[in-house]
Amino acid sequence: MAVPSESPSSAGEIPWCFSQVKGTIEEEVTEADIISTVEFNHDGEFLATGDKGGRVVIFQRDGTKMRQSRRRTSSPPVFRCDYNVYSTFQSHEPEFDYLKSLEIEEKINQIAWVKPSGSSLFLLTTNDKTVKLWKISERCRHYSDLNTITDDGMLREKEALAELRIPRKCEEDISVEALPRRIFSNAHAYHINSISVNSDDATYLSADDLRINVWHLEITDQSFNIVDIKPANMEELTEVITAAQFHPISCHLLIYSSSKGTIRLCDMREKALCDEHAKLFEQPEDPSTRSFFSEIIASISDVKFSHSGRYILSRDYLTVKVWDMNMESRPVEVYPVHDYLRSRLCSLYENDSIFDRFECSWNGDDTYPYLTEVPLLSLPLSPSPSPSPSLSLSLSLSI
């Protein structure tokens, strides 16, 4: 993990330095240990990672070290901290669909945090077919200073009950438990690629290649299909859904991207079935640059609302685009990524690397978009007044 350093830098650039590396660096890594998704919670206190083995590891921020880092320097406070392992649990197991003779992998496709209630944490995890709601809570197995029982488990004498004692938790006996509260299954015929919790904190969506369903967090046996692009004849299929997300503020709005490079905004107030979009964000293709690979590299692999809900961030194979909700005709900013690969698309096509999926995100105040690369590197894009800003290569996350 990397954080902004305290050394001066040129204008418009963010200096980065290594802060922490979790895990061991080994030449031989098993397939099950490869991380497949990473997600911070709402305030950055916890970080959840999922791997191809169906495991979820939750890290907690060490606030003590962060405060010490601020006291050691006279310069403005810098956000520096370590993350320690908080909990590890097995979320999904490999399954087999006997009806379709299909093996369902345990790989965690996505993680979405649910706003906590009380002292417990809640998060959604999904593999290709099943979404699970997990409750993460701390359990104290031993209390001290009890009124009627001594710390050794013996009954206290009546003479010792003259004053009222307040029981205290024994910190060394606190354990973290992960319990599955809800299991949402049997609603997707295709692989789930996205889950997103609504701003009402009561519903969430799950999206596969052709459909988007909306669930209530308390109801596991019923979901509402709001987007269905499956044609009557599958031979007429021209595009698939690649990512979907709820609006961070307006609970009736959602977006989803497609393999054709388009982003559709849907308003659930208009219709129960959002078969017609409210807005379509699409950049016209330049005919002079069209090639055999144009449709493949135009496919959007991830799409994210900004925290304010004003902008949309999209990621395709070679670019990252920022869209304004009020302008559908073209993106307001385009960030080229790995532009040198344009001359190597044929080789990437032969080894299937051209079909890799990449994610994108915003920083806390929406000033910098971030993108993930293989192997799970987060690169901040430096904003610039030019139409095609340069990419600032900096390692931000490696676990």
Side-chain angles (χ1 to χ4, degrees), residues 39-42 110-115 124 126 131 184 187-188 192-219 222-230 239-283 300-316 320-333 359-367 369-370:
E39 188 73 19
F40 281 97
N41 74 329
H42 304 85
Q110 268 206 343
I111 295 174
W113 288 90
V114 181
K115 287 189 178 179
L124 292 167
T126 183
V131 182
F184 308 88
H188 288 277
I192 299 173
N193 55 48
S194 301
I195 53 175
S196 175
V197 180
N198 203 347
S199 59
D200 60 11
D201 297 328
T203 57
Y204 76 95
L205 67 79
S206 58
D208 62 26
D209 293 340
L210 299 178
R211 295 186 178 93
I212 299 177
N213 297 330
V214 171
W215 302 77
H216 194 282
L217 287 170
E218 299 294 331
I219 302 174
Q222 186 180 26
S223 63
F224 298 93
N225 178 239
I226 57 172
V227 175
D228 189 347
I229 65 171
K230 182 180 180 180
E239 64 179 333
V240 295
I241 298 171
T242 56
Q245 188 188 30
F246 270 121
H247 193 275
I249 300 174
S250 303
C251 61
H252 55 273
L253 296 178
L254 65 96
I255 55 172
Y256 69 90
S257 58
S258 77
S259 57
K260 277 191 170 182
T262 61
I263 302 173
R264 292 175 172 86
L265 175 71
C266 298
D267 191 339
M268 294 188 292
R269 296 174 300 181
E270 296 181 357
K271 289 183 179 180
L273 179 63
C274 300
D275 50 358
E276 296 181 1
H277 52 266
K279 289 187 176 183
L280 175 66
F281 301 88
E282 183 178 14
Q283 184 178 25
I300 297 176
S301 59
D302 195 18
V303 62
K304 288 289 193 306
F305 275 112
S306 62
H307 296 87
S308 64
R310 172 68 185 274
Y311 299 100
I312 300 172
L313 185 67
S314 65
R315 170 76 159 102
D316 56 44
V320 174
K321 299 181 178 69
V322 179
W323 301 81
D324 192 321
M325 287 274 287
N326 299 324
M327 187 171 68
E328 307 169 50
S329 58
R330 60 184 177 86
V332 294
E333 286 187 353
E359 296 181 358
C360 59
S361 184
W362 295 88
N363 70 332
D365 56 3
D366 294 337
T367 55
Y370 285 76

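FYI, side chains are in, hydrogens and waters are out, and symmetry mates aren't considered; it's all heavy atoms of this structure. Note that the numbering runs from 1 along the sequence shown for the chain.
Partners of H307 by side-chain hydrogen bond (donor to acceptor under 3.5 Å, both in side chains), not counting sequence neighbours, listed by chain and number: D366. For F305, the ring pair (Phe, Tyr, Trp, His ring centres under 6.0 Å) test picks out H247, with sequence neighbours left out. Contacts of D275 classified as side-chain hydrogen bond (donor to acceptor under 3.5 Å, both in side chains), with partners at least two apart in sequence or in another chain: none. The salt bridge (charged side-chain N to carboxylate O under 4.0 Å, His left out) search around R310 returns D324, not counting sequence neighbours. In this structure, the salt bridge (charged side-chain N to carboxylate O under 4.0 Å, His left out) partners of E239, at least two apart in sequence or on a different chain, are R264. Partners of D316 according to the salt bridge (charged side-chain N to carboxylate O under 4.0 Å, His left out) rule, which considers only residues two or more places apart in sequence or in another chain, are K321. Shown here are the salt bridge (charged side-chain N to carboxylate O under 4.0 Å, His left out) partners of D201, two or more places apart in sequence or in another chain: there are none. For S308, the side-chain hydrogen bond (donor to acceptor under 3.5 Å, both in side chains) partners two or more places apart in sequence, or in a different chain, are S306. Applying the side chain to side chain contact (heavy atoms under 4.5 Å, CB included) criterion to T126, with sequence neighbours excluded, gives N109, Q110, V131, I192, I195. For the side chain to side chain contact (heavy atoms under 4.5 Å, CB included) test, residues two or more places apart in sequence or in another chain that qualify with E276 are K271. Looking at residues two or more places apart in sequence or on another chain, you find a side-chain hydrogen bond (donor to acceptor under 3.5 Å, both in side chains) between D200 and T203.
Between the side chain of K279 and the main chain of M325, a donor-acceptor pair closer than 3.5 Å is present. In terms of modelled atom types and a separation under 3.5 Å, the side chain of E39 and the main chain of A112 share no donor-acceptor contact. The closest donor-acceptor contact from the side chain of D302 to the backbone of C360 lies under 3.5 Å. Looking at N225, its side chain does come within 3.5 Å of a backbone N or O of I212 through a donor-acceptor pair.
Counting only residues at least two apart or in different chains, salt bridge (Lys or Arg N to Asp or Glu O under 4.0 Å) contacts with residues 242-263 are absent.
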Pair F246-V214, side-chain contact (heavy atoms from CB on, under 4.5 Å): steps then yes or no
CA-CA 10 Å; F246 270 121; V214 171; 4.1 Å; yes
Begin with the C-alpha distance, continue with both residues' side-chain angles, and end with the deciding distance and a verdict on side-chain contact (heavy atoms from CB on, under 4.5 Å) for S194 and Q245.
CA-CA 8 Å; S194 301; Q245 188 188 30; over 6 Å; no
When you look at S199 and I249, which way does the side-chain contact (heavy atoms from CB on, under 4.5 Å) test go after all the steps?
CA-CA 6 Å; S199 59; I249 300 174; 5.8 Å; no
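Scanning both residues, A272 and I226, for their nearest heavy atoms gives O-CG2, 3.6 Å. In terms of heavy atoms, L124 sits closest to F184 at CD2-CE1, 4.3 Å. Between I300 and T262, the closest heavy-atom pair is CD1-O, 3.8 Å. Of all heavy-atom pairs between W113 and H42, the closest is O-CE1, 3.7 Å. For the residue pair L313 and S361, the shortest heavy atom distance occurs at CD2-O, 3.3 Å. For V227 against C274, the heavy-atom pair with the smallest separation is CG2-O, 4.0 Å.
A heavy-atom distance below 4.5 Å is not found between the side chains of I263 and H277. Within the 4.5 Å cutoff, side-chain heavy atoms of F281 are placed close to those of L265. Between I312 and V303 the shortest side-chain heavy-atom distance falls below 4.5 Å.
Here the CZ atom belonging to R315 is positioned 12.0 Å from the NZ atom belonging to K304, to the nearest 0.5 angstrom. Put simply, NE2 on H252 and SG on C266 are 12.0 Å apart, with the number rounded to the nearest 0.5 Å. In this structure, CG on D208 lies 7.0 Å from CG on N193, to the nearest 0.5 angstrom. Atom CG in D267 sits 5.0 Å away from atom CD in E270 (nearest 0.5 Å). H188 contributes atom NE2, which lies 9.5 Å from atom CZ of R211 (distance to the nearest 0.5 angstrom).
Taking the six-membered ring where the residue is Trp, Y204 and W215 present parallel rings, their angle staying beneath 30° rather than reaching 60°. Using a 30° and 60° split on the angle between ring planes, Y311 and W362 fall in the tilted class, from 30° to 60°.
For the side-chain contact (heavy atoms from CB on, under 4.5 Å) test with I241, the passing option among L210, D209, I229 is I229; the others fail.
No hydrogens or angles considered: nothing links the side chains of T242 and S259 as a donor-acceptor pair under 3.5 Å.
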